[in-house]
Amino acid sequence: MISKVHENVLEAVSGIADGSTVMIGGFGRAGQPVELIDALLAGSATALTVVSNNAGNGDAGLAALVGSGRVAKIVCSFPRQVDSHVFDAVYRAGRIELELVPQGNLAERIRAAGAGIGAFYTPTGFGTLVAEGKETRSIDGRDYVLEYPLKADVALISALRGDRWGNLVYRGTSRNFGPIMAAAAATTIAQVDEVVELGSLDPEAVVTPGLFVDRVVAVGERPWLRDGVFVGAEAAS
Amino acid sequence: MISKVHENVLEAVSGIADGSTVMIGGFGRAGQPVELIDALLAGSATALTVVSNNAGNGDAGLAALVGSGRVAKIVCSFPRQVDSHVFDAVYRAGRIELELVPQGNLAERIRAAGAGIGAFYTPTGFGTLVAEGKETRSIDGRDYVLEYPLKADVALISALRGDRWGNLVYRGTSRNFGPIMAAAAATTIAQVDEVVELGSLDPEAVVTPGLFVDRVVAVGERPWLRDGVFVGAEAAS
Amino acid sequence: MSAGLDRAALAARIAQDIAEGSVVNLGIGAPTLIADALPAGLEIILHTENGMLGMGPRPAAGRIDPDLLNAGKQPVTELPGASYFHHADSFGMMRGGHLDICVLGAFQVSEHGDLANWHTGAPDAIPAVGGAMDLAIGAKHVWVMTDLLTRDGASKLVTECTYPLTGVRCVSRVYTDRAVFDVTAGGLVVTELFGDTTLDDLRELAGLELRDASGRHENEEMRS
Amino acid sequence: MSAGLDRAALAARIAQDIAEGSVVNLGIGAPTLIADALPAGLEIILHTENGMLGMGPRPAAGRIDPDLLNAGKQPVTELPGASYFHHADSFGMMRGGHLDICVLGAFQVSEHGDLANWHTGAPDAIPAVGGAMDLAIGAKHVWVMTDLLTRDGASKLVTECTYPLTGVRCVSRVYTDRAVFDVTAGGLVVTELFGDTTLDDLRELAGLELRDASGRHENEEMRS
């Protein structure tokens, strides 16, 4: 019997080596795998390259990881936010390298890694700073920049429900980078609110097929949900 | 109020010009928009370029269109099948041009057109006949062929249900090329078993968001389904 | 001259130009005001690049769902007809030309439609581009919503952008507090003046040649 | 010498090498027989390139669902844990290296692992490639299932393919009715002999140098 289910988050993130490239899902706090990041923090892996849309919000999750000094480099589209004070401080202190990638190129580079595409021509960024030094080409009268895939050793993502084969469904805008990161990493670790019986996810509605997922761990329902249905924000962080 | 719903298939396919490139969904018979193809046949559009995985099965649908002599060129991966006698005859008579594309390159080229990618490097076909005369490149020790997007004037696709915004859900392996063709065509026309009320499709399970669809037409439930649920093959063709 | 339109009035003015059925992305900042100004009863589909179509207004207090955010990470709601998708699909919608309109803020717009809105170029700035470059090159119509002048009184409409670009020749229209400008092959065309702003005022403020199609002619040349 | 294994027996032999949890694509034709030979009780996930994981066996008569086909357009069923996806995603799974094993038929396989299985090169042939090229370069392990000889008695294992290629240096193992061959940097290695076939028989039939790792040694060199 296939079972990708792990008992707890510490077990789920075990084996992440120093120097790994780690993709971390989420757009702001939505879809950010906070419990997995906490488990990564509880371990010792360091000199990490993190690929994520943002560079952390507030003080928890990705912000805490960045603040820990164990992130050598971050590849992201939007590090500077109202509540990105942790990243801002580390960056200004010169203690983290930043590779800034327009959000759509970031998403497409991750997608290309998962889909076995060697490189692709994108119109985004042509003629701007982010294209400096890159190969360009005019195709059918439009200008493009050549971009390469972004792959990872590990992806940490968050979904609503998963089964023991690793099939996942998400909720709302927390889907964001999860499905493409799952496909782009050698090892994909998904935290879910709930592990459900095999066969109880609608095959037409599965967003991430199980072959992209290596480990699944239940972290319990978020306070604003009951059986996956929104029950108000009273208890939300 | 937005309504992309058309009353009948003749109205739905109106305005397809001679010389158009028409994408036609389906893998074999699954997902083939037979009623839309019949409506296209009832019109006069000719000198068409058809993009489809196959070149027709049996005598109906795409096979009938090919047999009508109004397809000047077909772009597909697998024209020759047990029941492709119509295409075989037209092809051997030299009355249709064939561009053979490996299935994954076909899918990715269609996807690239919908996603605004100018070109991409694919490993598929490298060192084979289908790569002859094409640009190649070695990236990170792997060999790739440069392939360009495939776009269309019109896409004809088949889905299970749709709403008046054009949101679509499919059924089983009839999904195949529908979602990517919908995004790659200037005008996408979807036949569905049933048009449902806006809001009754689960937003988490919508496969083709409505912005990719221009016209929706209900063709009635297929004989093997009742309310979208399989009821046996007794009445199926 | 009068100050022209305030932000809310400008948002309302822009909303008037959005036809029913349009798929629209409203950039972070001032453009999000347009959502509240859309004509009631018209169906306009809002896209947010973090993976949603059919985005609805800000939720009532106590109904803030942390899984429903817009691109500015503000809480939103879901309308009937909504759909969700992942980031690669969402940006494919932009890059592939499937959005009708996006409205962005700007630091500078050149008379050729170049846009600068992500980076001041200041050496100590932390750069953050987000989805701006994808929106700029992707939507069928890229509109800018901005004050004509910076706080320092400099024109945001310029001959050539001095700030780092977001996109090249991508803006089709600029809505400012003083006037509306169409970007054409022949340069900027003023299509509408607000308050008692005159074309001469604009020419002086911006230091640009401006063609007049405002329908308000005073001492100006005829509509071309 | 005896004819070796028949197709069903060869399918069963291949099935033994598929570990539980593997994601497997079985090509059109003979490889589909492997599905019926998979060990009962082991969870092996079948992928079909037309957009499904978790494909089950052929349905009972009267339960043929026209929306559930495999790549050969034969009716199949859905197992618990299945999922559906569109063609670009399905081929991304292959190209991206997410399938553990695919098993393909062949016209020819070279000793370097080149595969020819889509086109005889005959001038009147209608070419059809389908997903074979994507599978050939995509799966982690590309296995071939074939008779060693053509109907005309020619070896399908060759020094260089004379038919048009499907993929370059992509095959890792060849299961034939006479023997199993691993493709290595040093050429073909025989790992198993069927019936009373000997390594000398194979060398004569194929005209190739073959290393022996079959464990059956007779007059042959030692296992290397």
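We name chains A, B, ... by the order of the sequence lines, and we start the count at 1 in each one. Only heavy atoms go into these numbers, but all of them, side chains included; no hydrogens, no water, no symmetry mates.
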Engineer: Please check this pair: side chain of B:Arg175 against backbone of D:Tyr84, looking for a donor-acceptor N/O pair closer than 3.5 Å.
Structural biologist: yes
Engineer: Checking an interface table here. Which of residues 14-23 of chain D come within a heavy-atom distance under 4.5 Å of chain B?
Structural biologist: none
Engineer: Heavy-atom pairs under 4.5 Å with chain B - which of D:Leu69, D:Val168, D:Leu68, D:Val76 has more of them than the others?
Structural biologist: D:Leu69
Engineer: Does anything in residues 153-165 of chain D reach chain B? List residues with heavy atoms under 4.5 Å apart, or say none.
Structural biologist: D:Pro164, D:Leu165
Engineer: On a heavy-atom basis, which atom in B:Ala30 and which in D:Pro66 lie closest, and how many Å separate them?
Structural biologist: CB-O, 3.5 Å
Engineer: I need the residue from B:Ser77, B:Ala55, B:Pro79, B:Ala107 with the largest number of non-hydrogen atom pairs under 4.5 Å to chain D.
Structural biologist: B:Ser77
Engineer: Could you give the distance from NZ (D:Lys73) to CG (B:Asn54), rounded to the nearest 0.5 Å?
Structural biologist: 3.5 Å
Engineer: At a 4.5 Å cut-off on heavy atoms, which part of B:Val82 comes close to chain D: side chain, backbone, both, or neither?
Structural biologist: neither
Engineer: Could you tell me which residues in residues 117-144 of chain D have at least one non-hydrogen atom under 4.5 Å from a non-hydrogen atom of chain B, sorted by residue number?
Structural biologist: D:Trp118, D:His119, D:Asp124, D:Ile126, D:Pro127, D:Ala128, D:Val129, D:Gly130, D:Gly131, D:Met133, D:Asp134, D:Ile137
Engineer: Quick check on the interface: out of B:Leu106, B:Asp143, B:Leu129, who has the most heavy-atom pairs with chain D under 4.5 Å?
Structural biologist: B:Leu129
Engineer: Under a 4.5 Å cut-off applied to non-hydrogen side-chain atoms, are B:Tyr170 and D:His86 in contact?
Structural biologist: no
Engineer: Can you tell whether the side chains of D:Asp65 and B:Arg171 come within less than 4.0 Å, N to carboxylate O?
Structural biologist: yes
Engineer: Between B:Pro102, B:Ser84, B:Gly31, which residue shows the highest count of heavy-atom pairs closer than 4.5 Å to chain D?
Structural biologist: B:Pro102
Engineer: Give, as side chain, backbone, both or neither, the part of D:Thr166 having an atom under 4.5 angstrom from any heavy atom of chain B.
Structural biologist: backbone
Engineer: Assess whether ring pair (Phe, Tyr, Trp, His ring centres under 6.0 Å) is satisfied between D:His87 and B:Phe27, documenting all intermediate values.
Structural biologist: CA-CA 10 Å; D:His87 249 80; B:Phe27 183 89; 5.6 Å; yes
Engineer: Do you know which of D:Met52, D:Arg95, D:Glu49 has the most heavy-atom pairs under 4.5 Å to chain B?
Structural biologist: D:Arg95
Engineer: Tell me whether B:Arg222 is salt-bridged to D:Asp67, with the criterion being a basic N under 4.0 Å from an acidic carboxylate O.
Structural biologist: yes
Engineer: If I measure from the heavy atoms of chain B, does D:Phe91 come under 4.5 Å with its side chain, its backbone, both, or neither?
Structural biologist: side chain
Engineer: May I ask you to list the residues in residues 179-195 of chain B that approach chain D closer than 4.5 angstrom, counting heavy atoms only, ordered by number?
Structural biologist: B:Pro179, B:Ile180
